[in-house]
S.K.: 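The structure is given below, and queries will be raised subsequently.
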Amino acid sequence: MYTQALDTHGKDAAAGATEGDAHATRFQARVDAEEKVEPKDWMPEAYRQTLIRQISQHAHSEIVGMLPEGNWITRAPTLKRKAVLIAKVQDEGGHGMYLYSAAETLGIARAQMLEQLLSGAAKYSSIFNYPTLTWADVGAIGWLVDGAAIMNQIPICRCSYGPYARAMVRICKEESFHQRQGFEIMLTLTQGSHAQREMAQDALNRWWWPSLMMFGPSDADSKHTAQSMRWKIKRFSNDELRQKFIDITVPQAHFLGLTIPDNELHWDEATQHYRVGPIDWSEFYAVLKGNGPCNRERLEARQRAHESGRWVREAAAAHAERARNRSNPAQVAGEAA
Amino acid sequence: MSATSASSEIRDQAQEEARCQYVLRLADTSLVLGQRLAEWIGHAPALEEDLALANLSLDLIGQARLLLTYAGELEGRGRDEDALAFMRDAPQFMNLALAEQPNGDFGNTIVRQWLIDSWQLEVYGALAHSADTRLAAIAAKAIRETRYHYRFSSGWLVRLGDGTAESHERVQRALDALWRFTPELFEPDEIDQRMNRAGIGPALPELAARWSARVERDLSEATLTRPATGPYPWHGKRGVHTEHLGHLLGEMQHLQRTYPGARW
Amino acid sequence: MSEADWPLFEVFIRSRSGLEHKHVGSLHAADARMAIEHARDVYTRRQEGVSLWVVRSADIIASDPEEADALFEPARDKVYRHPTFYEIPDEVKNL
């Protein structure tokens with residue numbers, strides 16, 4: 001989900017492999033045979049760059065994603081909810097780490113990726129630029145946003161690039177409780193007081209459409225999708241995944257007794273799918289461009305953390321250096337010579 | 001009822017109240033400190049420290065939940081962990097005043113953590129042998145966590161104290177500011193003494209010497225100077241707090257206060 | 001070492017005694033003690049009693065996949081290393 005086909009807007013051409021190149025042919029054959037590509041294998045430069053961008057965007061999304069839910073940790077309404085929310089946000093941080101680690105195997109440094117995020121150059125999933133205004137938002141994020149994420153992430157477990165696929169397997173294993181936790185919060189609210197039911201409905205009203213947008217625009221508009229599919233980086237189209245999400249989630253909303261904020265939503269008997277009204281893609285592009293409700297706040301929060309932590313990181317590095325010098329003066333002298 | 005059995009009943013009731021207070025003190029210190037650490041999540045100096053601080057917070061809140069549940073049972077008024085956490089006002093909280101001090105910068109957080117970790121090492125270490133088997137079990141689990149917390153906080157104390165000129169200055173300043181809250185850690189009052197006589201809690205002066213030696217060692221390795229102990233004693237464990245606790249509770253308790261009786 | 005240069009460490013975990021250590025990913029840390037703590041925090045959040053190895057990535061020496069032929073091809077010719085080369089009569093069990 002956090003991959004969101006953002007590379008449709010990247011400048012890199014998907015067509016990096018020249019026809020007739022022996023390496024490229026052998027590479028494609030391996031991919032077709034479902035063999036995994038590992039860090040030191042030959043790979044087309046465009047494959048490498050596409051993956052660096054996709055994996056790092058995914059990692060950034062996990063990190064920024066800690067903020068909207070993190071916003072409610074100190075105000076969680078019970079100790080159990082507080083503990084579960086801390087664990088969830090901690091997991092997200094951990095997932096970011098697995099992904100940065102996978103991206104680094106492709107030849108980009110963590111410091112570089114961080115610089116891209118903090119400068120505003122890198123993208124991350126649009127969904128995290130929306131504010132969490134009530135406790136019900138925490139439930140909605142777990143239910144809808146993590147639900148969409150799972151839909152996107154499971155296919156990536158079979159992605160052609162080994163470290164990315166393995167990171168996704170690890171992430172999916174840990175993800176299972178996230179969505180359940182969110183849904184359970186919503187269930188408790190809808191079974192609660194009138195005020196709590198209204199809180200839940202209000203959260204759904206605000207998070208439904210952004211969740212649908214998470215899957216990215218229709219692939220018909222993207223020439224990169226075909227190449228990503230050929231390289232088995234992308235396994236299903238945005239529309240396919242979005243439809244799957246809709247079909248699963250609408251009955252869940254009915255179970256909760258909540259109304260999806262879409263007058264045109266209906267069951268299409270012929271195709272056996274739920275059909276939704278038109279998605280306002282102008283909002284999506286505005287948010288991606290940096291003009292969403294919270295883009296500024298999210299980025300500033302990460303910039304502040306990074307800046308105010310600089311002296312800490314420097315101190316740790318200085319201390320380690322001094323300890324190294326103390327234990328190995330001869331070696332250090334030799335290196336300095 | 002004879003005079004002696006009536007007075008022994010009163011004594012027993014006083015003993016039970018003391019025990020409840022004693023457990024609440026431990027619970028509230030863990031809860032308040034856990035809440036403070038949770039404020040860091042998403043804002044730490046590095047992603048790895050976000051995870052480390054979240055881990056510490058989770059452990060402390062877990063300790064608080066076990067201890068609060070026990071305190072509620074001892075109290076016998078039907079209050080569970082959430083009733084105690086969300087519906088008491090600041091004067092009813094029994095945490096060490098040190099725990100409620102604001103995070104400040106990372107150095108300040110580390111000094112506060114290191115002071116409480118080294119305190120918990122002594123106290124949980126002793127409580128693992130408490131005559132109160134429930135408390136002993138909780139302490140035995142907690143001490144394993146505390147050992148890891150202490151490793152983390154003392155490691156950072158040394159890195160920052162013996163890091164750069166800037167980091168050294170920052171942690172020395174934090175130490176100077178927080179040291180005045182330490183007398184409360186090992187000064188026994190009647191509740192501590194009651195618990196000690198009953199074999200439930202340790203004799204604090206005995207633990208103080210070991211704590212002091214450990215603190216000296218860590219400060220020396222961190223190239224930091226131990227501040228002088230000031231005259232004013234803080235009484236967080238008697239419900240006399242600093243101004244900070246009210247704000248912390250206001251934030252923490254907001255939802256339960258705004259929607260009384262709701263289930264979450 | 002500048003603040004940006006907390007070195008990269010690779011992490012290996014043995015989740016149960018009797019198994020071997022598996023590579024699970026990497027992390028950045030300023031020193032070895034921090035690396036172990038970070039590895040514990042990131043990679044063992046749901047497990048107890050695991051064994052952790054952290055190794056500076058720069059210290060790892062790896063074979064080069066381009067040289068796979070030279071390194072590994074000879075073994076492929078020498079099939080006598082494989083049990084299938086030896087024909088064992090069906091009557092002999094457990095071989």
Side-chain angles (χ1 to χ4, degrees), chain B residues 34 37-38 40-62 105-107 109-110 113-114 117 140-168 170-171 217-218 221-223, chain C residues 1-68 71-72:
Chain B
L37 290 174
W40 270 107
I41 300 171
H43 309 283
L47 184 51
E48 285 83 353
E49 303 331 311
D50 271 314
L51 265 60
L53 292 169
N55 175 56
L56 261 64
S57 175
L58 259 181
D59 284 348
L60 287 161
I61 289 169
D105 67 15
F106 187 73
T109 290
I110 287 297
Q113 193 61 39
W114 164 74
D117 286 339
K141 177 176 190 284
I143 186 87
R144 284 202 298 271
E145 295 166 346
T146 303
R147 284 194 197 109
Y148 186 73
H149 300 178
Y150 171 75
R151 184 192 152 119
F152 171 82
S153 59
S154 61
W156 271 108
L157 186 80
V158 169
R159 281 185 204 107
L160 298 179
D162 187 24
T164 60
E166 178 180 4
S167 69
H168 178 90
R170 283 179 183 254
V171 278
R217 214 183 45 231
D218 289 345
E221 196 184 343
T223 73
Chain C
M1 204 194 304
S2 85
E3 66 104 347
D5 288 355
W6 282 10
L8 193 61
F9 288 79
E10 302 298 326
V11 181
F12 301 82
I13 297 185
R14 185 183 63 214
S15 55
R16 272 205 318 275
S17 58
L19 302 179
E20 60 279 279
H21 284 75
K22 267 173 61 170
H23 179 242
V24 290
S26 63
L27 51 83
H28 288 269
D31 55 59
R33 172 178 166 143
M34 196 194 286
I36 282 278
E37 287 165 22
H38 286 166
R40 176 206 183 269
D41 290 339
V42 179
Y43 289 102
T44 72
R45 272 169 293 123
R46 283 173 172 70
Q47 303 161 271
E48 302 240 3
V50 303
S51 167
L52 281 170
W53 288 351
V54 293
V55 185
R56 277 173 206 262
S57 312
D59 288 341
I60 293 182
I61 298 141
S63 64
D64 185 346
E66 293 287 299
E67 287 173 34
L71 277 177
F72 301 115

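The chains referred to below are lettered A, B, ... by the order of the sequence lines, with proteins before strands, and numbering in each begins at 1.
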S.K.: Quick check: under 4.5 Å, non-hydrogen atoms only, which of residues 46-53 of chain B neighbour chain C?
M.R.: B:Ala46, B:Glu48, B:Glu49, B:Leu51, B:Ala52
S.K.: Test: salt bridge (charged side-chain N to carboxylate O under 4.0 Å, His left out). Region: residues 147-161 of chain B. Which pairs qualify, not counting sequence neighbours?
M.R.: B:Arg151-C:Glu37, B:Arg159-C:Asp31
S.K.: If I compare all heavy atoms of C:Arg33 with all of B:Ser154, which pair ends up nearest, and what's the gap?
M.R.: NH2-OG, 3.6 Å
